[in-house]
Amino acid sequence: MNHTTNSVPDPAVLQATRARAANWPFRSVLIANRGEIAVRILRTVQALGLEGVVVYHAADRKAPAVQLADQAIEITGATPVAAYLDAKQILAAAKSSGAGAIHPGYGFLSENAGFARAVAEAGLIFVGPTPEQIELMGDKVRARAFVEKGGFPVAPSAIEDDDPATFAERALKVPFPLLIKPAAGGGGKGMRIVREPGQLKAELERARSEGQRYFGDGRLYVERYIENPRHIEVQVLGDAHGNVVHLFERECSVQRRFQKIVEETPSPALSPELRKRICETAAGIAREAGYRNAGTVEFIFGAGGEFYFLEMNTRLQVEHPVTEMITGKDLVLEQLRVAAGEKLGFTQEQVTSTGHSIEFRIYAEDASRGYTPTTGPVLLLRPPQGEGVRVDSGIVEGQDVTAAFDPMLAKLIVTGRNRAEAIARADKALAEYALLGCITNTAFLRRLLNHRAFVDGQVHTGFLDAHPEIAAQPELDQATLCKLLAASALMTKPMRDVADLVPDMHAAIGSWSN
Amino acid sequence: MKRLESKLNTASAEFQANAAHNRKLVEAFKAMQHKVRHERPERDIQRLKAQDKMFVRERLKQLLDPGTPFLELSSLAANEAYEGDVPGAGVVTGIGVVSGREVMINAGDASVKGGAWYPLSVKKTVRALDVAIENRLPVVHLCDSAGGFLPLQAELFADKYYAGRIFRNQCMLSKMGVQQVAIVLGHCTAGGAYVPGLSDYNVIVRGTGAIFLAGPPLVKAATGEEVTVDELGGCDMHTSISGTADYPASSEEEAIAIARDIVAQFKRPDKTRIEWLPPEAPFYDPAELYGVLPRDIKQGFDIREVIARLVDGSRFHEYQPAYGKTLICGYAHLWGYKIGILANNGVLFNDSALKGAHFIELCNQNKTPILFLQNITGFMVGKEYEQRGITKDGAKMIMAVSNSEVPKFTVMCNGSFGAGNYGMSGRAFDSRFLFSWPQSQISVMGAEQAANTLADVKIRQLARHGKQLTAEDVAAIRDPVVAEFKRKSSAYYSTSEIWDDGILDPVDTRNALGIAISAALNTPIGDPRYGIFRM
Amino acid sequence: MHHAFKLEENEYNLELSRAPAGYRLHLADRTIPVNLHLEDDGSAVLTVNGRSEKVLVATRGDDVFIHLGGVGYQLRYEHPLQRLAAQAQGSAEDHVRAPMPGSLVALHAKPGQTVARGESLLVMESMKMETTIAAPRDGVIETVHFAIGQTFDRDALLLSLVAMVVEGKKS
């Protein structure tokens, strides 16, 4: 550990928690997940002196979590993903391994209320919120209504079904520009942006006829359209005793195909006042829900500083490490602590933010071909090291990257005293990040982080679509090409053999003729 | 082994004049080589293109290992024959490296008269296969020949060293276990059919390659049968029905790639081990050879200045430095290989001949290949020397040279006149390789001397018939004789007739010899056994 | 120039030869002194034109993976015999024929589908043994001539690839 970034977790906190953990209602935690997050959770579980159990599908046999776990239990499924979604097998594994708690990680069963319930019914502890909280936040309409009712900001909207007679009238009251959406819609079909109130009527008619055509349903709703929105979310943590704190925001605006690829904290878009407002809004929502364990409140953030509730994720987020890096809090440790029934170990005032942290998701994908997944063997893996560099990885050399799972291989979390230092360190770390055998997005991420707009913090969720040159494969310069061909030729046996078989003298004479 | 100390003043006017003169000669030589290698009438180039054929030089580039040397043999063969119409005698031969193996290349050049065999084409091919036999070099044949040039068939068909010898040599190679691969890139008709036929492996190009004893027109004439080239001897017929050809290829490039893969299967030779040291470049710049060689062939020079610019580190162990000083003998290393050198520093006297014979015996005793550097006007003549037995001393040297078991290499550095040519391992004495420098000359005696002798005979004949000759008349008789004699004693004539294995830029000699020595070591060196030395 | 590497969509012809120290890379218009010294830790020192830098290299089959200047690359070696055969005999490789009589038990390709060389196209059964038939080259499936369960004779045309346009037979 070093002096310019936080130690996660604080050694004193770890030591004290470890001592208390001896008396927790569980001594063994089963991790119902895979990849980097399984490793991440396992690290804290084992650091606390608890036993770490993992379940794995055969496709993950060589994965590091399986190697690191105190116990690893194979599960099966029609597909590898199906295995990790099979609650029955996982509960059976928990039983047979003697696990007292189940940590679901993210994805898979992490936001499945039924699973959370089944865990409790099996007499085990679910490391997460209550099934009811999962259900509430899992239903987008209910969640929105819940938040609105609590007086928190949701995007202004008008829903036709509420009162079809007054729909057009109500729509005009929503601040422009507006987005018209078919009530039965999806995939962007039938959506229309309206910038002038005068155009509303005509556009509503067109949208209705499109909705009819595409979905056989002409019902509509309109909402405030946010131009070039940012995605800002707030980490919250609550215990079973009614305490809720926030751990500041994360900016996750850089997305491709609706998936985050770079997340950072603090957000370059927030003034201290805005930060305070958005974080307190998030904590307020969690408090309103009596939220337990780690969760994330997501907001859509407009250029004018307006923000609206989007949804709440009732689990640990992929991008949780940036929060850990600036707060020094081990979120998994806090989750386990809450699950064990302890009170939060700190108050809101005790949560501080130091430095700047950025996470880069390392994907097995080819950005220049529409971010299509790539596969291949991990022949050589050299994660970067150095000050402020953290790598949460789910792969090791010798493993195969297959199309069976999400293409995220690892996360690079880079922390510096400020954003500029974090970016500089990230550029170096990404350049050093070597994975041979499968194309990854590291070069793309370097182009992204060196892009003027990113450096200036001027990003929004449509940023990559607006700048296709970042994803495009840059033209190879002659010198690089020459080096690649040289290295390739020298690594290729039939070529090297031809050269090596030439007798010494003839090789020394070279291309000579009389 | 100490370094030779050059006495040459490279700043002298003499050196500069020599250098300028010889550089010019080399430039002319290179220009001629370039013409022979690359310049063809447009219609021949277009014809190859239309046939979808590569030029022979492109084929070689594809065949040979990249970044390796190619020692071309007799590049200017036939340059003084057939009115210069058959450059290189229509054949490219030489030693190159294919899949790491040193091989002899025998490539027909279809851009010259459709690759027709002229008498000198046959001689050049036979010589290349002789070199392959003597040095156990695997052969890659690139077959693309229209067949024998009929108007000159009498000079290429029937005699011992004529076309039949090509096939006989192929059989000898096969018997010796020296492998051959033929790539059929054009029609191999009649005798030509046996080149792939007698090779251990052959590859044939679909569409352009064909093998048959008689082509469709001849078949029609002979039997009335009408048949296409492909049916009669094309790629698919021979590789799938007759078994005459082994590997089908769809392009020349593929055929060559297959042939390279075939050569990669050849067993690499167990080289004869001789004394060897890590190679060292000559201390004295080989380019200074241009200043060493005199402008006038009659002018003497110290041959050690040549040795110093050929051998490793310019180091030389001189044998009998104080005896028989017109023949320099001694040991050196060339591209690491230890060699014995016999080099002329004047006419051969009794002592120099004896020294030479003795040194050849030494080299045979210790298995050291010998390099002869010829600049010889002959053995000394006159009563005193005959009485001292110059003939029998010369005979000893010739006996030693002829029965030498170690490989011999000869370079015609300057003059090669009279029996000195024999004593210094001339063409008849089976040097593994014999190269000439551009200004060198070969004849039974010097041109002036010979012309005078010939003119005198004529003048005396005319005098017998009572004719009085003016000085002009004498010149009119003498000058054409001198001119003709000079032409036929020049290196260009020599190389045209394939009395050597090619003219070399003196600067290239070191590499050429290195490649030659390496090739020669494919063959074991036997124990020496001589005939009767006349004592 | 028999050897070639494919990088992205481009094919590069090249040769390698040995120099007194190291190697020479022969490209169409240049010869460049090169060398590669492999270290024990999997890294390597690449020297091109006298300039050295650290690279990471790994191979798998004909694929060469290189981490150079902070970027990972993947190149594929094309053996001259394979490349030239494919180039010149395009037509022969357009057709996938049955190596023995049998029946079709599984089909992994359908017309219009893009396949990579070596990719499994179909599985046939013969003499109670299953044989997987792989794509002879990269290409697009034109026609599948049999349906699952159908039987066929040896050399039966099982599947056709869309013919490749062979540009300039000689490169």
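Computed from a predicted model, the values in this text were never measured in an experiment. Residue numbers start from 1 in every chain, and the chains themselves are labelled A, B, ... in the order their sequence lines are given, proteins ahead of strands.
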Selection from [options] maximising heavy-atom pairs under 4.5 Å formed with chain C:
options: A:H506, A:K428, A:Q473; result: A:Q473
options: A:D427, A:L481, A:V502; result: A:L481
options: A:L485, A:T442, A:L380, A:T440; result: A:L485

Could you tell me which portion of [X] (side chain, backbone, both or neither) has an atom closer than 4.5 angstrom to a non-hydrogen atom of chain A?
X: C:L46; answer: side chain
X: C:V55; answer: neither
X: C:I32; answer: side chain
X: C:L56; answer: both
X: C:L36; answer: both

For each of C:V48, C:N49, C:D62, tally heavy-atom pairs with chain A at distances under 4.5 Å, and name the one with the top tally. C:V48
Pick from C:L68, C:V71, C:L38: which one has the most heavy-atom pairs with chain A under 4.5 Å?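 Top count of heavy-atom pairs under 4.5 Å with chain A: C:L68.
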Does the Lys NZ or Arg CZ of [X] fall within the cation-pi geometry relative to [Y] - under 6.0 Å from the ring centre and within 45° of the axis?
X: C:R60; Y: C:F65; result: no
X: A:R256; Y: A:Y363; result: yes
X: C:R83; Y: C:Y12; result: no

Which bit of [X] comes within less than 4.5 Å of chain C, counting heavy atoms only: side chain, backbone, both or neither?
X: A:S488; answer: both
X: A:P503; answer: backbone
X: A:T480; answer: both
X: A:F444; answer: neither

Within the 6.0 Å centroid threshold, strictly below: C:Y73 and C:H67: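 No, they do not, as the ring centres are separated by 6.0 Å or more.
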Under a 3.5 Å distance rule, please check whether A:R496 uses its side chain to pair with a backbone N or O of A:L490 as donor and acceptor.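 Between the backbone of A:L490 and the side chain of A:R496 there is a qualifying donor-acceptor contact (under 3.5 Å).
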Are any side-chain N or O atoms of C:Q150 and backbone N or O atoms of C:A147, one a donor and one an acceptor, separated by less than 3.5 Å? yes
Would the number of heavy atoms belonging to other residues, nucleotides or ligands and lying under 6.0 Å from CD of A:E475 be above 12?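 Incorrect, the count does not exceed 12.
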Intermediate values then yes/no, side-chain contact (heavy atoms from CB on, under 4.5 Å), C:L122 and C:L159: CA-CA 9 Å; C:L122 53 89; C:L159 193 146; 3.9 Å; yes
Please determine, by modelled atom types, if C:S17 and C:R24 share a side-chain donor-acceptor pair under 3.5 angstrom. yes
